[in-house]
Every structure is written in structure tokens, then in C-alpha cells.
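So the structure is just underneath, and the comments pick up after that.
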Amino acid sequence: MTQVNLRTRGLSKSFGGVRALDGVDLTVPTGQVHALLGHNGAGKSTLIKCLGGAFPPDAGTIEVGGTSYTRLSPRESIDAGMAIIFQSLSVVGALTVTENIFLGQERVRYGRIDRRAQEEAAAGLLKRVAAICSPRDRVAELPLGQRQLVEIAKALSRRASVLVLDEPTAALSAAESDALAERVEDLRAQGLAIVYVTHLLSEVERLADAVTVLRDGRVSHHSAVAGHSRRELVEAIAGGPPEQTRENPGGHPREPAWPAGPPRLAVEALRGPGFGPVSLTVAEGERVALFGLIGSGRTRLLETLFGRRRTTGGTIRVGDRTVTAARPAEALAAGIALVPADRRAQGLFPGLGAQDNALLPSIRPLARTGVRALRAERRVFGALAEAVGLRPARPRLPAAAFSGGNQQKLVLGRWINEVRQLDVLLLDEPTQGVDVGARQEIYRVVSSLAADRGAAVLFASSDPEEVVSLADRCLIIAAGRVVTEFSGPELTEGALLSAVHDADTSTAGTGTGARADADADADADADAEGGTARTSGTSTATPPAEGAP
Amino acid sequence: MTAADSALTRPRVPLARALAVVRRQPLIVVLTAMVLAFQLSTGSFLDPANLRGIATDAATLAIVAVPAALLVISGYLDLSVGSTLALGGLVAGRLAGQGQPPVLAVAGGLAAGAAVGVVNGFLCCYLGLSAFVVTLGMLTAVRGLAQQLFPLPLSGFGSGFAWLGGARIAGVAAPVVIAAFVLAAGALFLALTPAGRHIFAIGVNREAAHLSGINIRRIPFTLFVVTGTAAALAGAIKASVLDSVVAGTSGAGFELTVLTAVLLGGVALTGGSGSIPGVLLGVLFLGSLQNGLTLLDVPTFWQQITQGTALVAGTALAYFAPSTAR
Amino acid sequence: MTAADSALTRPRVPLARALAVVRRQPLIVVLTAMVLAFQLSTGSFLDPANLRGIATDAATLAIVAVPAALLVISGYLDLSVGSTLALGGLVAGRLAGQGQPPVLAVAGGLAAGAAVGVVNGFLCCYLGLSAFVVTLGMLTAVRGLAQQLFPLPLSGFGSGFAWLGGARIAGVAAPVVIAAFVLAAGALFLALTPAGRHIFAIGVNREAAHLSGINIRRIPFTLFVVTGTAAALAGAIKASVLDSVVAGTSGAGFELTVLTAVLLGGVALTGGSGSIPGVLLGVLFLGSLQNGLTLLDVPTFWQQITQGTALVAGTALAYFAPSTAR
Amino acid sequence: SAPPSASSSASGPASGGTDLTEIGLDYPFTQLPLYSTLVKLSTAAAKKHGISLLTTNDGAVADTQATNLHTWVARKVPAIVSFPMVFEATEPIAKAALDAGLIWVTYGGSLEHQSADIQFGFRKGGTLLGEAAAKWAEEELGGKGKVAFLTDNTIELGRERTKGMVDAFTKRAPGVDVVAREQAIDPDSALARTNAILAKHRDLNILLGATDAAAYGGYKALQRAGREKDDAETFVGGQDGSVPSLQAIEQGTFYRASAALAPDDLANAIVGVPRAVAAGQANPSAQVPITLVGPDDTATIDDLLAQNA
Ligand SMILES: Nc1ncnc2c1ncn2[C@@H]1O[C@H](COP(=O)(O)OP(=O)(O)OP(=O)(O)O)[C@@H](O)[C@H]1O
Ligand SMILES: Nc1ncnc2c1ncn2[C@@H]1O[C@H](COP(=O)(O)OP(=O)(O)OP(=O)(O)O)[C@@H](O)[C@H]1O
Ligand SMILES: [Mg+2]
Ligand SMILES: [Mg+2]
């Protein structure tokens, strides 16, 4: 039998009346990737926070490398050999990438930080996770995906015997996810015990040696070996046989002749800092996906449409009105709404209750003669919680107390409720962190918004599966431009992946090469290069070379 | 049971409901204990005359603390209210002294206060400058301006103007009635209007509020203007009560008293949480403390020591409450 | 070029480098303009004697502003320094007046300041109480304590003690040497040590810092103690310079001056950004402004108006700088 | 104005002859060194008559003073001695006190409604200082030279002192240039202001302060600028009679004068005037003398220092 690196016994944790963890046993031997699955709010992150010392468990023990603890402080957890990537990122925006990676474990020489050594080490780590940021970039200025990679590099920098990853790929595109998967495989080979939380069953299939499924805080399924079918897993997560999974849950037949209706959103030669010119149309009731690598400009395009960024040229039309939105409020007035990707920074109000979070922009439309319609608010919230499967569906619980997936549902619910009349719905990574069951529900809600109310849906996604399930048509974005599009039967996962790969190698291979060299040398000019590399929005689609200097 | 519970469970029985209120507003316990202690040791704390005195003093504080609390909830703060109070009182007093009708005199004072609020609001909300430094700068500048414009004390404002501070409405002093109105309006506004929710949202996450279509500049701007106006109203009331106003001393230090009441009342300086009932408790706490210590004949410097300690003790208890966003 | 670029591109030529500095510290422009204006209008602003005067005045401010800035960067603040300064000066003065050796006298003063810091730090960092209310309470309580313990002015501390404020080290006044040392130590600490990085991390994201294994309580606690000690040192210096100290007035209002210098210097009240060179500029700005207005013989109230306006103007420029974390 | 109200209170219910048991001393400037001395001496003086002395904690804030006075009236403190920061603002409170049958003694001025008052001319103190400095300038500098004033324009007392000092000096010594008038009442800010003044006018001869504390700060600034302690062409003077200043005068430095109040006289008045009112005396008010002390008045200085000890 292999040696056991991490073991929890009877781990329990309650928040008020809610049992988030109820006697969880988990055993992870060295050299194993253990997938931890479960619906949103099942208790996965709570388990991980207990491991990382974010809060103490109520009962049970945690054994790491032979020592048993009833509670851990973050320092003890680190010293015990655990490296953890939490679901809500714990990077510090004001510090540089290097400083974040070595935060709390700085390399010191003569009492002062050895900046050079740190930067060199950081460059190597960044390369290993296929990040395109520079060690000297300020983290606050990085896109979400790069921040996630910094977090992963930080975990890798620790000489740990246990690695815990809580939905590490939620903000990553296929290329970075691949690079991460390779790192995980390396580390497994080196004998680490790895706990891997994800909602993407494809990742489970690729990486997991063993699976534990949590359901409402209890272990509902455990199999110590690989070779479980996707169907079994879905059943274990959902707690019953899954509904007939549909290729296209919105119920629209995907026809090659689409679009049928007149264009609802028409974008002509739109430019902004770092992207464009982009021209595209989305018809009434149509669902269009934007697919591309991390940093390809999708977020910027969506944010520009929503009036959060300035345009430098081009026109946007909604129906037959030309829209020039300088602020989100103006875009909203014109019928355009955006669900942002960076939930924490741009979406959530952690201290406010669930209902306030979900209904914030609807409070005024619902109000009568300036007074809030409290009953109507409650009713809309109830309907919305039902529609997206929010759990717990408690209107006053602060958003911060919800699980990651349920927070995402709150942010989504802000626009996909019955109050808002939308012409155009923009979604940036709409289902990141949402579990398999709820994801289908969300697809259904979005699709019915398109079908029944004729809204134009434009969404960015890094998950090809999601694009295939939800989109009528998909635009491939590279370096801030539309390079190709797929629709109808052409729209398959394979086609998307190879299109992105092609676009990447054809548009800007040189920038990437220069970038990698700069990193390796830890050259003083790396910063300037970093600027251009990020703007051109490219990344290595080919796996990065092993063994950085 | 932990503090988080109270937010989760809704009490059904009255006792549980009372307990939940106490847990949300633990200052109630300190305040009650303090009042009892003062009454038992002095025997005269709860005399109607004394309570009336406390209420009248607390009234001006409450009038300014309510909008100031909204401002703090939305993530800003106003340190200039001490000088704005003086300016408002001086302008109102000068107009009343010149024989203008009292309503016009007060309106003039309020306009001066609103003008200070407009400057503060423009600089902080539209230019995005640090509210602390800007309003501190305004505190100095407006005080200088008030003294430059009104170097000599004003007094003798006439009986019409005296109404504002001296009249009794159904046996209650006019300032207390005004304060009750401001408190009620503030609480209802916060709870029942869309803008009330928006204030919390701006305080918690400006960026997310902006992306939700909320006007993150106009709302705090308006609050600055209202706070300036409220400070001027408080100044006019004080001028009316005292039938005099002095540019150099009126409202000196008032800004810190207001902020202390607001923070004691459970409003977080970082914005996004707080409640008007909490602010009322903070106001009453400060008013009762000052009054009780004077009644008890505590020697001067011991009063100071006690006051400082009580402040710390008060916030210590308030801290153990869960944060409120309603 | 946008503000973000400056962080990405490293200037190569000296001019570009100078421009980058100006962009990071725009107060430099205001300060230079102000100094020039004062020199041109008074003709004596840049006289060595006057500069020496400014430096000595600014020295005590800088000594306290440096640790206070670190405290603000880490997400806290200390309003009690005005009273701590008085207490430190009084204890040191009393010991010196009783004939203790000056080193012992100063050490006694520093110990008193450190004790205040320990109380502040314990309440704010370990109990998690609001730093604003706690240190405001301490401001009142410590002042009361100082007046209770030392009701009468102290003076006549002897020539040994006078060294601290009066000696010249290589032609430079001792307080200025101390301030230079504090500034350099603060800047190096912040830039080069792990703890310096941790201060930023705690100020930006306490939770993340905690999960990275950083002790989020001990570091700010230590800063509170250092700030208290620095305030006491400033008090001892002032006592030495004046050869007297009065419990009621020494350091009154100093807390706001310190905080203003810190915020003017580009440190954000919300924590997580700022730099020591910025703080130095803030200190010099305040010192020069006061001195220049006096030199210009501006009437009192106009001085106040100008000071307030200059504060706003200074922060307006400082705002346009990108936030600094180095 | 005093007689009618004095008689009304004498016949009031609270004043049963001389069995006054409590006197409230409301002196707002708690930050001044004089405050502690006053409270100590008054407490002792009151104790001799079996009276306990109460104090307020106004912290030099006019609004707090009003609040505390209201509290005392509600509490029916039988005799209140108050130094109003704003005389006009205190008028209604004094009236309320009289209406409640309490004894009201105004300190440092007079009100329309009062039982009696304790007067001392603030302006007179300033005038004495200004005249002495002018005389010195005439004799030592031949009526030429430079003078700077450290003034106080924030409260009435300060304005009176300032006016007395400036008017008397400029009238008696018109040949001396006034080079600065700066607001300063504490040594710290006085030091900074004087430093700046000296940068422009190294040859400043005369520095007069509205308070001794400020003048003392200026005195130190001059020394730091290199002036000998006993420079013959320098004159510094202040008002109050505070300890460090008196010591500097006694040592024969260029700190040459202070317009001083004797704390004993004040304490006696604080206790004596309310007692006189309570006893129904015909003319209970008191006038406390201000004396100008200089280097030659060693006996007076020693006496004052002893009172302040
Ligand atoms: N601080 C808290 N206070 C109250 N309840 C909490 C708190 N943190 C988590 N919970 C609750 O505990 C339960 C488990 O949450 P957890 O975050 O562990 O879920 P999860 O499995 O990670 O879900 P997801 O897949 O959505 O991330 C949820 O019901 C959540 O609402
Ligand atoms: N050069 C840059 N400087 C500062 N911020 C940048 C830069 N490039 C990108 N960002 C930030 O990163 C965010 C995402 O950038 P971009 O639109 O290029 O990514 P994307 O294609 O949407 O990638 P993702 O797959 O992460 O969604 C933007 O909101 C922007 O704020
Ligand atoms: Mg989770
Ligand atoms: Mg994106």
C-alpha cells in the first residue's frame, strides 16, 4: 500500500444551523490525484478552507504527513507541507507577480529580500504554468486568468507534499488548462498527494485516480480507482439519475440557416485599446459565443459594448438605434446588460444579502412611487432562486456566505430575472464555478430569454463544451479580432480547439517567442515586452518547454 | 451559537426577537447599563428636566449624524461639518439679525451649508479626491472664511428666529422634533427606497455598483450636499438656542463628535454597513456620557479619562455585533 | 500614454526617469512651485536660517509620520499621537528635571509612548476594534491622564537634556538627523524587507495575507507600538527644544497634522498603498506652507483659508499619481 | 445691571444665608496650566468654609460648555461660577440659573442676568504689557526697532488681550515697526511662527504675546536663532504669569515682563463672591488686580511661583 499523505477523519463544520461538512473522511495517498466533486454548496471549499487554516473545523482530525491536527493555522498548514489554491483568489493586487508568489516565504539575503533570485525563480514558475505575464507586473493590472496562474505558480513554489486546487481552471482557457494538467501530472509523478476540485468532468476523466463526491456535506460516493463513467458521476453529484442531457438544452433546433430574425445587436468596426476592429451581428433570439485564448480580447470587447471602456472608433447599434454608451448605466438604458467575469471585483457585494445582490438593478424598476415594493422583490427573488437553483435560497444571507457557484448564480440572476427587459445580454464566462446540474438550468434560462423575449445573447467562454451546448454560432477571437466563425454542424469542440490553435500560430507567434526569452533571461526590459505581449494577446498553445533554467 | 446565526435565523418569540435586537445593537446594553448606573448614583439623571436637556443637545448631533452616517456607509466621510455648522449659524443669524423673516434666514444658512457640501461632493465624488484630506482642508478653509466674514460675535436674532431652537411642539422642543423627523426619514430612506440600497452597494463594491448601472457619483454627491445642509441646520438651531454665534468657536470639534457617534453606532469606516437606529444609540451614548459625568461631579481630568475609556468600551461591545446592512 | 504604462515601461534616459518620478510623486511639482513662489515673494524663504527652521519643525512631524504611514498602509490608523506626544514629553521632562541622566529620561518617555502603543495595538489588532474610535478614545484618555499626572507645566530640564533638541551634528540639528534616520529606515524597511511587503499585503487583502501564513496581527501591533514610541520621541524633542512642556496644549491637534501629511504623501486611507518619499513630501509641504504664509505676513484668517485650499489642491495633484507599492 | 438680579437671588430659596455647600466652577480652558492651579487653590479655599467645589470638563469647546452648564442648572448646583467662552451665548443659561433660584457669578466679565461677577481687565493686562514694552523701547532702543505680536483672535479673552497689547504699544512707541502679527497661544506654534518671522527679520527686538505660553515659545526661538539669553536689545513679554515665564524673568533674561494674575486672588474670589451673594451682601462682586511683573519684582514673582507650586 502506498503511503498516505493527507487524511481527514470525521471532519465537520457548521455555519449557524447549516452543516456544511458532516463527518467527511478523505484519504489521499502519495502520488494520487484525488478529484473532489459535488454540487454547488456541497462543502468542497469548506473542506479545503479547514485544511488551509482559514477556519477551524468543529470536529474531526486532519492528518498531514503523519501528524494529526484538530485545527490548523495558515502557517501550520503551510509548514505541514500543504500548498493550497483557494477558490476565491488570495493574491494581493498592489504587489507584483513575484512578490505574490513569494508572499510569506520571501527569499532573504542579509536581512533583505533577494529580489533578483525571486524574480528568476518566478520567471521559471510562470513559464511552467504557461503564464504570459512578467514577474514584475502588478497583479492588480492582470486579467483574471493570469491572476489564477500566478496563484498556481505560488502554490508550486512551495516545496509541498500535498497540493490542493479548488476549481483552478474556472478562469482558464483550454491552453492554460492543458499546461496546468501537465503540471499536475508531473507533481503526481513526483509523489505529491493532490486534491483537485472541479465541476468539469472532462478534467476528472483526464486527471483523477480516485474520486470522492460530497453531497450536502457528506461523502455520497467514493471510488478509489479510475474508470467510472461520466453518467455515474453526474448521478452521484446530482443525487439521482440525471435528466436526459440535451445537446442543446435551450430547445432551439440548431439550423444552418440561422439567423432567422433581424439583427438585434450590430457592431461595426468597433475598436478600443488592445482590440479591434471587430464587426459582428447577433440576431433577435440568437446566442453567439466568443471563443479564444486567455487575453485574446473577449473581455475587453464585451466591456466596451457595455460602456465600461472607451471606444476609439466604430458603431454599436441595438435594433435600429445607434448606442454610444459612455457608462454602464447608459448601456443599460439602451437595453444592454453584462454579467462580468471577475465575480469578486466586478459582480459581488459580499456584505449584502443574496436578495440585494440579485435584485440590485431591479429595485428601482420594481418600486412604486419611489418606495421599494418589498413583496414583489421577495417574489422575484424566489422565482429567480428557483430558476437558477440557488442554495440555500435565503434572501438575507450575505453573499459572502454562499459557495462560489452560488455566488455566480446571484450575479447571473441580476440580469436574467423577469424584471429586466433586455435587448442584448452579454455574458463573460457565465457558468464559471457552476455545477453540472445548475449549468443546464442556466443554459435553459438564457436560451428561453433569447427564444421567448427575443434577446440577443453574446457570451465569452473558455469551455468548448459550453460553447457547443449553448451557442447557435461561435466567433473565434484572436489578438482582438474575429478570425473565423462556426455554426450549425461545424460547431464542435474539436473544430473550436483547432481553430484557436491555428489562429494563435498564424497571428502572433513572434511575440510569444520574444516573451519567453525575456522571461528566461529575467531581462530588465521584460516589462516593456510584457506590455506588448499582453496587448497582442497571445499565448503558447504548444506546451511550454520543460525545465526552465 | 455564533454571531453569524442572528443573520440566519429569524426569531419568532418576542424574547428571541429582543435578543436578536440586542445582538445587532449591543450598544443598547452599554447604554442601558450606563443610564441605570447614572440614575442610581446621581438620583437625578432620569429627571424630566435633565432628559430634556440631553435630548436637546443630542438633537443637533443626530441631525448631522444621520446624513453623515449615510455618507460613511457609501464609503466617504465629511470632516468639515464643524465649520459648516458655524457658517450656517452665522449666515442664518446675520440674516435674522438684519430683520429678514426667520424662514428666509434659515434658508440662507442652509444654502451656505449646501454650498460647502457641493464643493466637498464635487471634489470627492467627481474628481475622486481623498474625502479625508479634502474635507479636512475644507474644515480649515471654511472656518477661516467664517471668521473672515464674521469676525465679531453675532447676537440678538429676534423672537421669530428663537422659535427654531425654543418652541415646544406638543411639549417637545422643536430641535428634538426635527431630529426625530431626520432620524425617521433617514431610517425609512435607507430601508424603503432604491437609493437606500444603492448607498450600501456603493459602499461595499463601487465597481460592481457602477456595472449594475448605479450612479456612483451622483448619490454620494447628494449625500455630501445633504450633510452640509444638515450641518448648517444644526448651526442655525444652535444659533437660535443661544441667540448668538461666534465664528471662532461654534461647532469646533463637532466633526469628530459626529464621526464618533456614527462609528460607535456600528457604521463601518470602510463603508457598506450600518443602520440609523445604531447611529441614534451612538448619539445617545455620547450625550448621556457627557451629561452623567458632569452630574456625578467627576473631576475634570478624570472625566476625560473616563470618556476616552467609555468610547473604547462602547466600541468593544459594538464590535461583537454582526455587521448590519439594513 | 496612460498611467498604467508608467509601471510597465522603465524609463531609460534621465529626463524620462525624472518624469516618471514626478508622475509617481506629483506633490513634488506643487512643492517646488510653492517654494519658488514663496522665495520670489518674500526673498528670504530659501535663506539657510529659514530652511533650518523649517527642517527642525518638520523633523518631529516626520519622525511620527513615518511609522504612522506604515500603520495606514497596513490598514489601521492612530489618532492618539497628539496626546502620546504630550505624555512622552512630560515623562521625559519630569525625569530630566529630577536630575536623571538624559538618556534615561528619554528612555522613560519612550516607554510611556510604547505603553500607549501597546494598548492601541492590543485593542485594534488582537481584539479587532475600530482603530478610529479606539485611538480617538485614547487621544482623550491619554490627554486626561497627562493632565492628571502633570497638572503644572514642567520646565528647566538641564543642559544634558537640551542636547536632544539643540545639538548640532556636523552642522545639522539633532532632530533633523534623527528624522533623516527615521525616514531612511522607514523607506528601506518598506522596500527591502519581507515585513515591508507584508505590510502592503495586509493593507490590501488581510484575508489573503493571513492565508499566505503572514501574521496579520503582530505586524500592525508592532507598528502601533513603534508609532507610540515615535510620538513620545517627538514629545521629548519638543520638550527639549522648548525646555518646557505643558500637559494641556503640547501636541494638541498633532494627530490630524500627522494624518494629513501621510495622506497628502499619497498613502491611501484604505490601506495598501503609499511610499516614504511621498510622506516626506507631505511633511515638507505642510512645513513650508505654514512657514511661507507666516513669512508673507498673511492675516490669520486668510492663512486658514489658504491652508485649507492648499491641502485640497495638494491632494488633487497627488490623486493623479498611480498608486505605489514600493 | 447686577443689583436687581443679585437681590432676586439673595431672596431665592437656594440661598439660606451662608450654608452654601457646593460651588460649581465652570472654567472652560482646561488645557491651560492656570486651570489646575485655580482648581487646586479654589478647592482648598472652599474647603475652609465646608464647601465642595465641582468642576466641568469643557475642553475649550463652547458647545460643550453650554451643555455642561445646562446640566448643572438641571442638577441645581446652588452656585455657579462660570467663565463664558461666548458671553452672548451664556446669557440664556445664566437667566435659567437665576430663574431656578441658583446663584450665578460671571467670571471675567459681566452678563445681564447674574448674581455678581468677578472682573479683571483682560484689556488692561494687555495694555500694561504694551506700555511697559513701549517704555523699554523708548529707553533702550531710542524708540526705534522691530516688534512682532503673537496674538489670539479666536476667543473674546484673547481678542481683548491682543487689542490692549497692540493698541498700547503702537500708541506709545509709534517709531517701532510692527513686522508681524501671528496667531499663536501655545509654545509649539509660537516657536514655529517666530522662527519664520526671524528668517525675515533677524533683528527683531520685541516680541509680545497674548499668553505667556506663546511668548515663551518665541523666547526659545530667539535663543535658537543665536540670541544671548540676556541680550540687551531684546524684549519678550507675555500675559498670565505662568511658571516658566516667571522663572525666565527672575533669571534676568530678555524675557522681561508678564501681566500676571495672582491665582490666590482668583481662588478667593471664586469662593468668596458666591458666599457673599448667598449671605446677601450688598456689593458682592470682586475686581481681581492684574499686575505687571518684571525682573525687579522678585518678591512678587516668588509669591506667584509659590502659589503655582
Ligand atoms: N462563512 C459562511 N457562513 C455561512 N455559511 C457558509 C459560509 N461559508 C460557506 N457556507 C455555506 O456552507 C455550504 C458549503 O459551501 P462551500 O463553499 O463549501 O461549497 P462548495 O462545495 O465549495 O460549492 P461551489 O462548488 O459552489 O464552490 C454552503 O451552503 C454555504 O452557503
Ligand atoms: N495591457 C493591459 N494593461 C492593463 N490591464 C489589462 C491589459 N490587458 C488586459 N488587461 C485587463 O485584463 C482584462 C481582460 O483582458 P482581455 O480582454 O485581453 O482578456 P480576454 O480575452 O477577455 O481573456 P479572458 O480569457 O481572461 O477572458 C481586461 O479587463 C483588462 O482590464
Ligand atoms: Mg467552492
Ligand atoms: Mg475574459
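Throughout, a chain's letter reflects where its sequence line sits, starting with A, and its residues are numbered from 1.
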How close do [X] and [Y] get, heavy atom to heavy atom, and via which atoms?
{"X": "C/Gly272", "Y": "A/Ala94", "answer": "O-CB, 3.6 Å"}
{"X": "A/Glu106", "Y": "C/Pro194", "answer": "OE1-CB, 3.6 Å"}
{"X": "C/Asn205", "Y": "A/Val91", "answer": "ND2-O, 3.5 Å"}
{"X": "C/Leu211", "Y": "A/Gly52", "answer": "CD2-O, 4.2 Å"}

Flag if over 12 foreign heavy atoms under 6.0 Å of [atom1], [X]:
{"X": "A/Arg75", "atom1": "CZ", "value": "yes"}
{"X": "A/Phe55", "atom1": "CZ", "value": "yes"}
{"X": "A/Arg158", "atom1": "CZ", "value": "yes"}

Identify which part of [X] has an atom lying under 4.5 Å from any heavy atom of chain C, answering side chain, backbone, both or neither.
{"X": "A/Phe86", "value": "side chain"}
{"X": "A/Lys154", "value": "side chain"}
{"X": "A/Arg107", "value": "neither"}

Close side-chain approach of A/Leu95 and C/Val204, heavy atoms under 4.5 Å: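 A/Leu95 does not reach C/Val204 side chain to side chain.
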What residue in A/Val92, A/Ile78, A/Ile113 has the most heavy-atom pairs under 4.5 Å with chain C?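 Among A/Val92, A/Ile78, A/Ile113, the one with the most close pairs to chain C is A/Ile113.
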Spatial distance of atom CG (C/Leu192) from atom CZ (A/Arg115) [nearest 0.5 Å]: 6.5 Å
